[in-house]
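Below is one structure, written out as structure tokens; the observations come after it.
Chain naming here is simple, since letters A, B, ... match the order of the sequence lines and numbering starts at 1 in each.
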Amino acid sequence: MLNTQKIEKKWQERWEEAKVFEADAMPGKKKFFCTFPCPYINAYPHIGHLYTIMRVEAFARYKRLHGYNVIFPQAWHATGSPIIAAAKRVQEREEKQIQMMKDMGISKEELPAFEHAEHWIDFFAPAFEKDFREIGLSIDWRRTFYTTSLNPHYDAFIRWQFRKLKEKKSVVKGKFPVVWCPKCKNAVSDHSRSKGEGETTQEFVLVKHKLVGSNDLIITATLRIETILGTTNLWIHPDVEYVRAVVNNEIWIISKEAVDKLSGQTRSVKIFGIILGKELIGKIVEEFNGKKIPILPGMFCTPDKGTGIVHSVPSDSPDDWIALQDLQRNHLLCEKYGLDYRTIEELRAIPILDTPGYGDMPAMHLCEEFGIQHQTDEKKLLEARKALYKKSFYESIVNGLYKNFFGKNLEGMKVTEAKEIIKKELLQHGFELFYELTGPVVCRCLTVCIPKIVSDQWFLAYSDEQWKQDAHHCLNQMKLYPDTVRQQFEYVLDWLHNWACTRKEGLGTALPWDKQWIIESLSDSTIYMAYYTISHLLSSLDAKKLDDALFDYIFLGKGNLQQLAKKYECSETLLKQMKVEFDYWYPLDFRNSGKDLVQNHLAFFIFNHVAIFPKEKWPISIGVNGWITVDGEKMSKSLGNMIPLREISTKFSVDAARFTIVSGGEGMDDPNWDSAFAAAMKQKLETYHEFCLEYYNKGRNTHTSLDAWVESRFHAIVKQTTAAMEETAFRTATQLLFFELQQAIKWYLKRCHNEPNKKCIQQIIEAQTIMLSPFSPHIAEEIWHAIGKKGFVCQQQWPRPEKNKIQRDLEVGEEIIKTVLSDINSVLKLIKKEKPEKITLFVSVLWKYSLFALIHDIMQGTKNPNIILQYILQQKEMKQHGKEIMKFLPKLLGSGKIPVTVETDDAEMSVLHHAKKFLEEEFRCHVEILKAANAGHPKAAHALPGRPAIVVE
RNA sequence: GUGGGGGUAGCAAAGCCUGGUCAAAUGCGCAGGACUUAAGAUCCUGUCUCUUAGUGGGUUCGAGGGUUCGAAUCCCUUCCCCCACACCA
């Protein structure tokens, strides 16, 4: 048994000593720069990280074997709120958080330290590095850093980045609705809530209804502005007190509860009167289009939702429909509020939308479907409403009433489209927007949160057309692994609009020109790969002195070297060196991440690169992969199937785990981690190690056709493996270079009775070990060393496939022998004979005829037309002329059986003659090989090209 | 719903673009055998089903249609799974 942990450690130390993975600019030498996105360091890394980073790692090691000067740097991400929020939770000793800390193996004594965000970084950054080192990643650790203002050098870099963006007008100011805590006077992110995780703001439109005979406006709020033409009446709760208030020079009637919400949203609201719902019932309001409708009693109106008043669209709202039904059935109620029930009865729902499956009165149908009897059936109504909203939003079509909507014809348009147009028009005609939360949110300070419009929010202007075009341009010339993600990228680049890039809380860099803001996490991590090229040199400068001039010089080649050196009190050489490093390494050659980052990080990455850097520094390629599943199940904390990296060495061995995870899958599919495979793989690698030691110096010097065969297989496999590696199809590559090659070797050794050609087997062992090294580097080094090779395996040359050594006919020959072997075995098994006395092989023809000659022969007659047919179907001509031929072939086959004489193919005969000795030894009996055509044995008729008939005696 | 990626034997995963050599690679798992004092490892054999002195038949590649002499592969319909739909890592 190998001590894998010892081996891992040994080689990691040796690589470190020899600085194998430290790469510096070497102008003139080909280079490869690859990165894995900074992981967020609020917990230990796990096997999910491993899969994605292995794609970078394997590619990096592969490129090194091709003589590239490779850098693979790694930094840590701490920008944003999760760490701060977690620290706060620790401070509060929140149960869940404490449990999480415990699960991570953090003791009670250590807890107080985790109350401070800085400690998380101090703790996890080294932890990540340790874990990453322990799985043998070929990272240049000199270049490591972490993000946020806690790293002043990086901080200066981010400030430079944002000033550059601002210069290009890529950062703009705008309005933005947020979840707001009135007490903390802060936006409350998901992580800082004690209740209401996942709730966001929701955009309503405020509809103004003019009370006839006064200047008062009754305000309703709706999510479904596209139904505006279906309004038949207003609902108001008779027993609720509403207020009259001056809102931006208008008089509004709204619920008390609505006042706070409205005033939080850039409005001044002054209450000057109270009005009971009852007082308004029966009155008439005038709509924006002049239509007059009544105000009716609706008990379902709740003052804390919207404005507490509802406009009624009975055609498309189950609530409105059933409320209207209730009222129309209830004469007493009408009388109670002094309403004329005849006019009430005449109120009819107005069809406005066509909803597939429900026609133009979906609310009515849904009330029936859900068995809703009364407006107090809240549960059922909620379900019906949800069902309808969803269906209607995506599937309904607006009808003829919208033929002339402010001069626009919307008839036949989908709701998703029409909605935006309707909203836009109405906003121009005095309607207003209003935000509500999708559900109750309570801040960490236990204050109930409200929606608020922040008016000085900064955005990255991704909606800018020119910027989008540049991004597309960049994408078009980029290589994507796999290319199937391209469409997704195209879509995302188009779809992205302005991104709110600043926050009020969290870790990060202060926005240089507006220090109340902190740059948001995704926005600060878009071009930091450039920072890798200089991070190890930059840290020797005094952070306080750093400013834009430095980065302008390094990244954009502006400014005077002498002056700058003076300014930063450093040598010119150092500054120059930084510039050389950047110019040499950039552009970035390969960036790989999970597929979930396509729509944000990777898209931002493209955008910001094209904004800041000249074309020749734009990224070269992006790799994208799926999400790991563990033994067929989604990986999650709750399932308890997270495998932390730190457990890998002891549980599976690093080499086995690295190999396993890569063979889990490729492309965009979710790959699978198979624990049983990992365990088996550990054993296989050990066996492989033993095999190499046993066979490396074994063998003869003579060269046979069998050696030529194994060489052919070897070169074919190397060729395929290389092609797969180039496409980052690492699963395919591992399958080929390990299993496929093993199989070939096994057969080879069997055929040559464990007496391989020395040169052949050495070449194969060396090559296989080299090809294995990107995946399982420790064991590869161990083998390399053990077979007496000098240097590191990771610094060797990737094997070169030699085309002229690949000989198809040799492979076909061995296939025939394999078939014969397996056929004899099945016969032996069937007749339960262990020791045959004699085996006779009847060899048929390899048809040399052209297809048409064959058909001619069939017309002459044959012993078995079906066999011929089968053979015909495989021929190239069939692919070209298949249709014509098949039309008349059945007729031919229907004709009689006339014996036909055919020539035996010499190739097959000679293959079998060569293998005769092998077969005889295999079965320990005499083997006879005859031409089927003139054997005269009844079994001989079974012979097929490439598959002799067999008689065992 | 929209955009993207998928659905293949017990599990995982090739094949699909470019239809025929596909009952479908490979690996894991499982079963039997050899070796061994034994375990592990290793090696061999089998692993849809029925047959059989083997190269044969049947039914399979989410489901249902279609194109074709021929479909896992091309086209249409449909169901299911994953990712994203944002202000955040």
Side-chain angles (χ1 to χ4, degrees), chain A residues 1 37 39-40 42 77 79-82 176-178 187 189-191 200 390-391 393-395 414 416 457 459 482 484-492 495-503 506 520-523 525 594-601 626-627 629 631-632 634 663-681 683-684 686-687 690 731-732 734-736 738-740 743 746 750 819 822-831 833 867 870-875 878-879 882-883 885-887 889-890 939 942-944 946-952:
Chain A
M1 278 271 266
Y40 194 78
N42 61 346
H77 197 49
T79 313
S81 54
F176 190 67
V178 294
S189 70
D190 250 3
H191 312 277
T200 56
K390 201 173 173 189
K391 189 166 178 73
F393 182 72
Y394 292 115
E395 296 177 37
K414 271 189 155 184
T416 37
Q457 171 71 45
F459 290 87
T484 36
V485 273
R486 189 170 294 280
Q487 267 186 286
Q488 181 78 350
F489 267 112
E490 298 273 1
Y491 178 82
V492 169
W495 161 83
L496 267 174
H497 46 260
N498 291 0
W499 174 265
C501 62
T502 52
R503 292 291 170 278
E520 173 271 338
S521 164
L522 285 169
S523 309
S525 55
K595 60 182 171 183
D596 53 325
L597 294 194
V598 171
Q599 16 284 322
N600 45 55
H601 170 70
W627 274 82
T629 56
D631 295 324
K634 217 176 167 175
S663 14
E666 63 196 14
M668 292 261 276
D669 298 353
D670 290 344
N672 184 53
W673 163 271
D674 187 338
S675 298
F677 180 92
M681 202 56 220
Q683 186 55 54
K684 277 182 194 295
E686 273 182 37
T687 308
E690 275 167 37
R731 187 195 132 84
T732 305
T734 52
Q735 292 282 320
L736 288 165
F738 196 76
F739 296 108
E740 197 93 347
Q743 260 185 355
K746 248 189 225 171
K750 182 174 182 168
T819 313
S822 133
D823 283 353
I824 296 174
N825 271 321
S826 359
V827 173
L828 286 174
K829 206 172 177 189
L830 275 163
I831 59 170
K833 197 166 196 169
I867 290 172
Q870 223 177 24
Y871 181 67
I872 290 172
L873 290 176
Q874 298 166 14
Q875 300 309 302
M878 192 60 211
K879 294 191 174 167
K883 283 194 181 169
I885 293 162
M886 285 313 291
K887 269 180 196 156
L889 205 56
K939 286 281 172 198
H942 285 287
L944 277 174
R947 186 152 199 177
I950 293 157
V951 173
V952 177

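The side chain to side chain contact (heavy atoms under 4.5 Å, CB included) test with A/His77 singles out one residue from A/Pro37, A/Ser521, A/Pro39, and that residue is A/Ser521.
Note on A/Lys750: nothing from the nucleic acid sits closer than 4.0 angstrom, heavy atoms only. Looking at heavy-atom distances under 4.0 Å, A/Gly594 makes no contact with the nucleic acid at all. Within 4.0 Å of A/Leu496, counting heavy atoms only, lies at least one base atom of the nucleic acid. Backbone-only engagement by A/Asp596 is indicated by non-hydrogen atom pairs under 4.0 Å involving sugar-phosphate atoms exclusively. Note on A/Val485: nothing from the nucleic acid sits closer than 4.0 angstrom, heavy atoms only. In this structure, A/Gly665 reaches neither bases nor backbone, as no heavy-atom distance under 4.0 Å exists between it and the strands shown. The residue A/Val598 sits apart from the nucleic acid: no heavy atom pair falls under 4.0 Å.
In this entry B/rG10 has B/rC28 as its Watson-Crick or G-U wobble partner, both defining distances falling under 3.5 Å. Base pairing of B/rG40: no nucleotide in any strand meets the Watson-Crick or G-U wobble criterion (both distances under 3.5 Å). B/rG70 is unpaired under the Watson-Crick or G-U wobble criterion, no partner having all donor-acceptor distances under 3.5 Å. Using Watson-Crick or G-U wobble geometry with both donor-acceptor distances under 3.5 Å, B/rC85 finds its partner in B/rG1. With a 3.5 Å ceiling on both atom-pair distances, B/rC17 lacks any Watson-Crick or G-U wobble partner. Under the Watson-Crick and G-U wobble criteria, each requiring two contacts below 3.5 Å, nucleotide B/rU49 is paired to B/rG57.
Nearest to the side chain of A/Leu522, among B/rC88, B/rC85, B/rG4, sits B/rC88. If you check B/rU42, B/rC83, B/rC88 against the side chain of A/Gln599, the one that comes closest is B/rC83. Picking from B/rA84, B/rC88, B/rC28 the nucleotide with the shortest atom distance to the side chain of A/Trp499 gives B/rC88. Among the nucleotides B/rC28, B/rG3, B/rA25, the one closest to any side-chain atom of A/Ala676 is B/rC28. Candidate nucleotides B/rU26, B/rA53, B/rG6 were compared by shortest atom distance to the side chain of A/Arg731, and B/rU26 ranks first. The side chain of A/Lys746 sits closest to B/rC44 out of B/rC44, B/rA12, B/rG5.
B/rA13 atom P lies 20 Å from atom CZ of A/Phe738, rounded to whole Å. Between the P atom of B/rC87 and the CZ atom of A/Arg503 lies a distance of 9 Å, rounded to the nearest Å. Going from atom CZ of A/Phe677 over to atom C1' of B/rG27 covers 6 Å, rounded to whole Å. Taking atom CD of residue A/Glu690 and atom P of nucleotide B/rC43, one finds them 11 Å apart after rounding to whole Å. One can place CG of A/Asn672 at 6 Å from P of B/rA12, the figure rounded to the nearest angstrom. Taking atom CG of residue A/Leu597 and atom P of nucleotide B/rC82, one finds them 19 Å apart after rounding to whole Å. In this structure, A/Gln487 atom CD and B/rU2 atom C1' are separated by 14 Å, rounded to whole Å. Straight-line distance from the CD atom of A/Gln488 to the C1' atom of B/rG4: 4 Å, rounded to whole Å.
Nucleotides B/rU51 and B/rG40, compared at atom C1', are 39 Å apart to the nearest Å. Rounded to a whole angstrom, the distance from the C1' atom of B/rG29 to that of B/rA13 is 14 Å. Atom C1' of B/rC11 sits at a distance of 13 Å from the matching atom of B/rU47, rounded to the whole Å. With both ends at atom C1', the span from B/rU21 to B/rA72 equals 16 Å, rounded to whole Å. Taking atom P in both B/rA25 and B/rC61, one finds a spacing of 16 Å when rounded to whole Å. When the P atom is used for both B/rA12 and B/rC81, the distance is 16 Å, rounded to whole Å. Remark: the separation of the P atoms in B/rU60 and B/rG65 is 11 Å, to the nearest Å. Taking atom C1' on both B/rA34 and B/rG19, the two are 44 Å apart, rounded to the nearest angstrom.
Rounded to the nearest 0.5 angstrom, A/Asp669 CG and A/Trp627 CH2 are separated by 15.5 Å. Note: A/Asp823 CG to A/Ile950 CD1 = 4.5 Å, rounded to the nearest 0.5 Å.
Contact annotation: A/Lys684 side-chain N/O to B/rA41 OP1/OP2 distance is not under 4.0 Å. Dashed line: the shortest gap from a side-chain N or O of A/Gln743 to OP1 or OP2 of B/rG27 is under 4.0 Å. Proximity of A/Lys595 to the phosphate of B/rG5: no side-chain N or O atom is located under 4.0 Å from OP1 or OP2.
Each of A/Thr732 and A/Gln683 has a nearest nucleotide on RNA chain B; the 5'-most of these lies closest to A/Thr732. Map A/Val952 and A/Thr629 each onto its nearest nucleotide of RNA chain B; the residue landing nearer the 5' end is A/Thr629.
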Exercise for the section: Carefully, step by step, assess A/Trp673 and A/Ser675 under the rule side chain to side chain donor-acceptor pair (under 3.5 Å). Expected result: CA-CA 6 Å; A/Trp673 163 271; A/Ser675 298; 3.2 Å; yes
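Here the closest heavy-atom approach between residue A/Thr79 and residue A/Glu520 is recorded as CG2-C, 4.3 Å. Nearest heavy-atom pair, A/Gln457 versus A/Ala500, reported as atom, atom and distance to 0.1 Å: NE2-CB, 3.4 Å.
Taking the side chain as every heavy atom from C-beta outward, A/Lys595 and A/Asp670 approach each other to under 4.5 Å.
Side chain of A/Thr502 to backbone of A/Phe459: no donor-acceptor contact under 3.5 angstrom is found.
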